[in-house]
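Keep in mind that what you see is a predicted model, and the values were worked out from it rather than measured. Note: hydrogens, waters and symmetry copies are ignored here, and every other heavy atom, side chains too, is used. Each ligand, and each atom within it, is numbered from 1 in the order the structure gives.
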Amino acid sequence: MSIEIKALDEKVVQRGKQFFQSIAGEAPSIFNKGWWTGKVMDWAMRNEDFKVQMFRFVDVLPYLNTSESLSRHIEEYFGDKDANIPDVLKWGAGKTGFGGGLVAMVLNKAIRANIEGMARQFIIGEKASEAVKGIRQLRKDGFAFVIDLLGEATVNEKESDAYQRGYLEVLDAIQGEFRKWDGLDGGGELDWGHAPKVNVAVKPSAFYSQAKAVDVDGSVDGMYRRIEPIYRKVKEMGGFLCIDMEQLKYKEITIELYKRLRSAPEHRDYPHLGIVFQCYLKSTDADVAEMLAWARREALPISIRLVKGAYWDSETVIAKQNGWDVPVYTIKAETDMAYERIAKVILENHDICHFACASHNIRTISAVQELASALCVPESRLEFQVLYGMAEPVRKGLRNVARRVRLYCPYGDLIPGMAYLVRRLLENTANESFLRQSFAEGAELERLLENPEKTAQREIAARKDVAPASTQMAGRASAIPPFANFPNVDFTIPAARAAMRQALADVRRDFGRTCPLVIGGREVKTPDTLASYNPANPAEIIGHVCQAGLKETREAIACARKAYLAWRDVEPAQRAKVLFKAADIMRRDIDALSALQVLEVGKQWDQAHADVAEAIDFLEYYGREMLRLGAPRRMGNAPGEMNQYFYQGKGVTAVIGPWNFPLAISCGMAAAAIVCGNSVVYKPSGLSSVIGFGLARTFKEAGLPDGVFNFLPGKGSVMGDALVEHPDVSVIAFTGSMEVGLHIQEKAARVQPGQIQCKKVIAEMGGKNAIIIDDDADLDEAVLGVLYSAFGFQGQKCSACSRVIVLDPIYDRFTRRLAEAASCIKIGPSEDPANYMGPVVDRAAQANVLKYAELACQEGKVLVKRTDVPQGGQGGCYAPLTIVEGITRDMRIAQEEVFGPVLAVMRAKSFDEALDIACSTRFALTGAVYSRSPRHLEKARREFRVGNLYLNKGSTGAMVERHAFGGFNMSGVGSKSGGPDYLLQFMDPRLVSENTMRRGFAPVEADDDWVA
Ligand SMILES: Cc1cc2nc3c(=O)[nH]c(=O)nc-3n(C[C@H](O)[C@H](O)[C@H](O)COP(=O)(O)OP(=O)(O)OC[C@H]3O[C@@H](n4cnc5c(N)ncnc54)[C@H](O)[C@@H]3O)c2cc1C
């Protein structure tokens, strides 16, 4: 039977009105202004600044264990004057003034108690026994339950084990008594005559700390291992298990997990397993259709809980930050429409799919009821679910009209409870929230119950009305769109993973070839070659790279000099065009270019992709920068005089690239030089020369004239000094170690015979980057941030974290979690996306890191030393992941750059001391702070003196423009790459001043400053 929702609309509205009538005069407790929570919600909805501060304060509260830190945070979040503290916050503290001893203590106590009370409102209990007691009460009131153990993503496997134990514990507690419970509505073994009494919900990501989108199979395996025993126990009790849906990155994994559990031979005959779909995702129509088709193919009855989705803000922000299409609807009514549309599909398939309608929206609920009635869905195939602590009138109304109502009951500690509370608070105070509109704002019934299609149309029309202004702007802008970072790869998309796998196979077919030099557009072969090998398997040769000697170096510089004389006069727009073309080529080849990095230097998939994306960004950004700088600028506006300021490329530029960002950094330095009108002699690192050859090919294909970019791999010891010292080389752009950088500066400073120009050196050198962990840091984020900053790409980034400075009060908790997390990550070839860490770049790097790991163990106390790296026949260049503690600022491991997976943990008594330690090396490249203290963050801004400081994020992963990159002190000379000053270093400014007056007559220019 086919039913149109529109045709049911009148009935839906009618039903909705009756629903509202049945609960007239009632309001959910969270909006009850007679109580603290209601007052706070009211204040938050009227004052956006307070809302942000309040929710952030709620988030940090569980970490404020001393009265001193609680007082400090209250003051930092809400101001230091009594008058600034909203009265609502002081509620329960009596009529006290703020500040000073006892009075402040009373206030602190009241605030803590009120917030904890608010959190408890959404939680059925902190202990299993309390949860069971709460459930008993709910059942007495006629509600079924689904129990959920609070907990977000876990950061190590011990935490995942503990999470699993938590579930088994609450099940044990329920097992002790559930048989004594009468079934709801009619008694018997089952609720409502058909539903299991025990119902459990699980959040899959918490069951496997190593889950990641790029490794679907590994993630499913990890989750399955811990969830399956819970399912078995639930089955023993004749219960129901629902797998919740979390962030989009886990969606495919969760669906796969569900299918595996549902179709496992041992469980096929048991129908009580559910999954959740989120209607805010644009992909959900297709996902639900596919799931239903699967159920039919497999002949397996399934159960779906349909929700709108709890992560709308974060999905939107993450997509925007990564340059992805926003995966969720952006008009609320579109989500509501999707809900009704998808609910209809599920109800049409009620023979194979049980439906749990989870919403507090009376329009949504009424539509589902009308659809079910029109489609003659039996009662046993549909139930309603709401969240514990929310929407009490809705659940009561539902209980009256639909009987079958289940409450979703989180239980557990208050720390994860606060994260859950913040989500609920956000949901309830959102402008779009149905509950807010209905119960806090008293919106009109007609509007609340309106068909969402109509609402969406109105919203779309309103947005269109605003659109013309932006269209006009676009019309005025130049033909080149503004710069935008190339989107990060999204490995949640199966095609992205398949493309990478294919690319790895494809590039491998090309291995073993010889890469020539490229001088003046000619390919030049030399007898001396260097084999570049796969660090995970040194027997695998990526390519043989010809090595330049002194003769080839001189030839290359001569060709570059000749090419420069013509190229410098090419119009800036023309030069920029070549960069844009090169960017197009890299976009086309991104998978192959990334795969080559995985195999030649051992980058993980996402990091390799990010490197190519950064190269593309440099091309696009510097192209636009040259357009900005390329037009001559008039200086002053005196009539009769025309002064023009413009730039000219300096000359031949030696680009000496590193292996750690083998394409991005080389491409950035070369592209900057080229677009400024210079020619380039490019010496790649010997460890990534095959990737370097790819850059030569790209520029050639982009139409760069011969001789402007010369590819000159060679041994530093043979031709390095000759390149730097040559009198015709004007600029040296270098990225690498401090030792080599200083050597280059020394060589470049000495004027050679025949040299007519002072050489300009731009050098990005080392770092000894620190991350500070404040005593109120969010440890879930801090542990993962430090782990990624220290061990992503094996710690071989100049921005990598090599010191973590932890404040005393949080030291033990942080280091324990960090050590556990570091002990769990997978180590192996980067080609396998399941591995978190791979081999270091070559044998020499391996020997160096081993030496430093040894030193670290001598100077400090070992927390983690992972020697369980792949062994076997391949003999990869693995170095042990090493974390040591007890390190003080004067020790070598706290001062020398290692460039490998060695992390020193240092303890600080205060935030000031942490800053002092952080700034106690000669480097100043990157740094990071995890803190929720506004004052400490402000202080770090001023006093953590590094080139790039990151607050509440890791120290690596800089993006062109957004995080223009580079340091000072011994970390480098020159301005930031990917920033607005970078190109200026490659050019000489010139000024031409012309007297335009002839015999007393001067032409008039529009911007002349004539006498008024
Ligand atoms: C029993 C139960 C279980 C749940 N399980 C899960 C789960 O496993 N996974 C999960 O993610 N959530 C889950 N939720 C939470 C659920 O997603 C939210 O409670 C729900 O989205 C609120 O929807 P509503 O219909 O009650 O309210 P409404 O006020 O009608 O809808 C609010 C929702 O609309 C969407 N929205 C808000 N603004 C916009 C916008 N500008 N454009 C488009 N859409 C917008 C968001 O999804 C927001 O949550 C569960 C809820 C319940 C009751």
Q.
Could you check whether R424 makes a cation-pi contact with Y420, meaning its NZ or CZ is under 6.0 Å from the centre of the six-membered ring and within 45° of the ring axis?
A. yes
Ranking W312, Y388, F384 by closest non-hydrogen atom to atom 40 (C) of ligand 1, top hit is W312
* To do: For R232, look at atom CZ and say whether over 12 heavy atoms of other residues, nucleotides or ligands are found less than 6.0 Å away.
  => yes
For Q278, the atoms of ligand 1 under 4.0 Å from one of its heavy atoms are 9 (N), 10 (C), 11 (O)
Candidates Q385, M245, R395; heavy atom nearest atom 1 (C) of ligand 1 found on Q385
| Within less than 4.0 angstrom of ligand 1, does T364 place any heavy atom? | no
If we number the atoms of ligand 1 from 1 as shown, the ones under 4.0 Å from a heavy atom of D244 are 8 (O)
among protein heavy atoms, the one nearest atom 46 (C) of ligand 1 is G309 O, 3.5 Å
inquiry  = Between E340 and K6, does any NZ, NE, NH1 or NH2 come within less than 4.0 Å of an OD or OE carboxylate oxygen?
reply    = no
If you compare E427, R406, R305 by their heavy atoms, the one closest to atom 5 (N) of ligand 1 turns out to be R305
Task: Cation-pi, F145 ring and R406 (6.0 angstrom, 45 degrees) - done: no
* **pair K308-Y280: side-chain heavy atoms closer than 4.5 Å** => no
Going by the 4.0 angstrom heavy-atom rule, the piece of V146 near ligand 1 is neither
the protein heavy atom lying closest to atom 26 (O) of ligand 1 turns out to be H360 N, 2.7 Å
* Asked: Does any N or O atom in A310 lie less than 3.5 angstrom from one in ligand 1, N or O only?
  -> yes
CA sep, side-chain torsions, deciding dist, call: T37, Q121, side chain to side chain donor-acceptor pair (under 3.5 Å):
CA-CA 9 Å; T37 303; Q121 204 169 326; 3.2 Å; yes
* Charged N-O contact under 4.0 Å between D287 and K251 -> yes
Ligand 1 atoms nearer than 4.0 angstrom to some heavy atom of F434 are 28 (P), 29 (O), 30 (O)
Looking at L407, L448, L387, the heavy atom closest to atom 52 (C) of ligand 1 belongs to L387
| Between F50 and W43, how do the two ring planes meet: parallel, tilted or perpendicular, split at 30° and 60°? | perpendicular
Per side-chain hydrogen bond (donor to acceptor under 3.5 Å, both in side chains), Q385 is matched among R305, H360, R395, R404 by R305
Checking the N or O distance criterion of under 3.5 Å, is ligand 1 in contact with K308?
yes
So the atoms of ligand 1 within less than 4.0 Å of a heavy atom of S359 turn out to be 24 (P), 25 (O), 26 (O)
Would R260 count as a cation-pi partner of Y224, with NZ or CZ less than 6.0 Å from the six-membered ring centre and within 45° of the ring normal? yes
One finds that the ligand 1 atoms under 4.0 Å from a non-hydrogen atom of E432 are 29 (O), 38 (N)
Of all protein heavy atoms, the one nearest atom 14 (N) of ligand 1 is V307 CG1, 3.7 Å
T335 heavy atoms within 4.0 Å reach ligand 1 at atoms 43 (C), 44 (N), 45 (C)
Regarding ligand 1, does Y408 bring an N or O atom to under 3.5 Å of one of the ligand's N or O atoms?
no
Discussion item. Is it the case that the ring center of H350 lies less than 6.0 angstrom away from the ring center of F355?
Written reply: no
Counting heavy atoms under 4.0 Å, the part of Y311 that contacts ligand 1 is side chain
If the threshold is 4.0 Å, N to carboxylate O, is there a salt bridge linking D191 and R139? yes
If we number the atoms of ligand 1 from 1 as shown, the ones under 4.0 Å from a heavy atom of A358 are 1 (C), 2 (C), 52 (C), 53 (C)
To atom 32 (C) of ligand 1, the nearest of K332, R363, Q247, E459 on a heavy-atom basis is K332
V276 heavy atoms within 4.0 Å reach ligand 1 at atoms 7 (C), 8 (O)
With heavy atoms and a 4.0 Å threshold, my read on which part of I331 contacts ligand 1 is backbone
Do the ring planes of H194 and W192 sit parallel (below 30°), tilted (30 to 60°) or perpendicular (above 60°)? tilted
Start with the C-alpha gap between R363 and D336, add the side-chain angles, then the distance that decides, and say whether salt bridge (Lys or Arg N to Asp or Glu O under 4.0 Å) holds.
CA-CA 9 Å; R363 158 77 206 191; D336 294 339; over 6 Å; no
Inset, instruction - Would you check the N or O atoms of S433, main chain and side chain alike, for any that come under 3.5 Å of an N or O of ligand 1? - result: no
Looking at K282, I want to see if its NZ is surrounded by more than 12 non-hydrogen atoms of other residues, nucleotides or ligands under 6.0 Å. yes
(Q) Polar contacts were defined as any N/O atom of the residue lying under 3.5 Å from an N/O atom of the ligand; does this apply to Y280 and ligand 1? (A) no
field: V386 N/O to ligand 1 N/O under 3.5 Å
entry: no
